[in-house]
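First up is the structure itself, then whatever we jot down about it.
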Amino acid sequence: MPNAKIAGIGFYVPEQVVTNFDLMKVMDTSDEWIRERSGIIERRYGKKHEETPTTMAAEAAKVAIERAGISKEDIDFIIFATLSPDYYFPGCGVLLQRELGITKTEIGALDIRNQCSGFIYGLSVADQFIKSGMYKNILLIGSEMHSMGLDFSTRGRAITALFGDGAGAVVLQPSEDENKGVLTTHLHSDGTHAEELAMLSPGSHGGKHLPDVDFGFPPADELGEIFVYDNLLENKSYYPQMDGQLVFKKAVTKFPEVIMEALTKTGYTPADIDMLVPHQANLRIAQFVQKTLQLPDDKVFNNIMKYGNTTAASIPIALCEAWEQGKVKEGDLVCLAAFGSGFTWGSALIRW
Ligand code: UT7
């Protein structure tokens, strides 16, 4: 059974740079606080009403497709991971198909809603499809446009300061060499803390506030009123919410655990890792993981300083930058790991 290998990789970040000092103009925060707690210096924001997760994904995808040496018509499956989709539905997979001008309908498009670990979940799904022989050229995307959905008042500062926009893409193909490509993937979830890092609205959970009426549902306009009132206006539940300290504590345990799981499964140790590309959630989390696994500085790639946390896009953006800078080379053992909302977490080991 062939493994999936990364045949092409690309990323796109919007032009507009937003520094910590820029955020200080709209909320009570400081460059010092953001840098010290997260390592972030600046992030990118897409052009409002022009750029979307889909348009950014298309830019990243074009690069990945070209580097894979194929044409867009060769893509036989799209997997799109995002928590900030263009629409509530349909998902970004079909929007990207249209944006790229892929007119053939023999392909499928799948949307992944696993937030920070979306790329690893997508990679695992793609690997299974390739192992089974079902698809030969899978386009896997992580793309986020957080800037359209953040609370820019002081109330939202603990979250807003962390997030940025961007997209990363890979083309996955069967590897001719069974010792190359995706060697193993490990996925986990624990719904106990689902609301501790979440955006609750729009969502059907508003239904639990409906009055008890004999005919089942109230008239549609009443339903809409309750839905809007309860969820959107009063609670501001259309903004993300997070228990940062809980997420931090869980992340620093789960990252090393899931990395060790992948290493143990394949008979490797942390010393065998040539490059660890962790989800870029917080530089302090990445440093904690590095210390736990006793990895030297040149074996962990971080770029959160420039882009903030781009959720599903952070791993492919970082992996692409590492590769472009020659820090990921042919034959290297590359480890990817993520933890985030859900909670969901996962890891992948790739022989490049
Ligand atoms: O992608 C995965 C998802 N996210 C994560 O992995 C995030 C994990 N958590 C974290 O990275 C950290 O918890 C944060 C960076 C979010 C926060 O750092 P912290 O050291 O846990 O700070 P805190 O939430 O305990 O807040 C400390 C203080 C509070 O003020 P008081 O109550 O001590 O007066 C906050 O109100 O810092 C305040 N604060 C801010 N101050 C200035 C929160 N956000 C800001 C801000 N600027 N942006």
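Every number for a ligand or one of its atoms is a count from 1 in the order of the listing. Residue numbers run from 1 in the order of the sequence given.
At a heavy-atom distance under 4.0 Å, atoms from both the backbone and the side chain of Ala158 approach ligand 1. By the criterion of a heavy-atom distance under 4.0 Å, both the backbone and the side chain of Phe248 are placed next to ligand 1. Within the 4.0 Å heavy-atom criterion, neither part of Thr311 lies near ligand 1. Counting heavy atoms closer than 4.0 Å to ligand 1, residue Met27 contributes nothing at all. Under 4.0 Å from ligand 1, not a single heavy atom of Gln115 appears. Contacts between Ile159 and ligand 1, counted as non-hydrogen atom pairs separated by less than 4.0 Å, are absent for every part of the residue.
A salt bridge links Glu176 and Lys5; the closest N-O separation between the charged side-chain nitrogens and carboxylate oxygens is under 4.0 Å. A salt bridge does not link Glu196 with Lys250: every distance from a Lys NZ or Arg NE/NH1/NH2 to an Asp or Glu carboxylate oxygen is 4.0 Å or more.
Taking distance alone, with nitrogen or oxygen atoms compared against 3.5 Å, Ser30 stays at or beyond that limit from ligand 1.
For the residue pair Glu178 / Asn3, no side-chain donor-acceptor distance below 3.5 Å is found, with atom types taken as modelled. A side-chain donor-acceptor contact under 3.5 Å links Ser147 and Asp165. There is no side-chain donor-acceptor pair under 3.5 Å between Glu144 and Thr310.
Judged as a side-chain contact (heavy atoms from CB on, under 4.5 Å), and not counting sequence neighbours, the contacts of Gln16 are Val18, Tyr45.
Few gaps surround CZ on Phe248; more than 12 heavy atoms of other groups in view lie less than 6.0 Å from it.
Those atoms of ligand 1 that come under 4.0 Å of a heavy atom in Ala281, given as number and element, are 1 (O), 2 (C), 6 (O). Within the listing of ligand 1, atoms 3 (C) sit less than 4.0 angstrom from a heavy atom of Leu197.
Nearest protein heavy-atom neighbour of atom 11 (O) of ligand 1: Asn282 ND2, 2.6 Å.
Ligand 1 is never approached by Ser38 to a heavy-atom distance shorter than 4.0 Å. Under the 4.0 angstrom criterion for non-hydrogen atoms, His279 is in contact with ligand 1.
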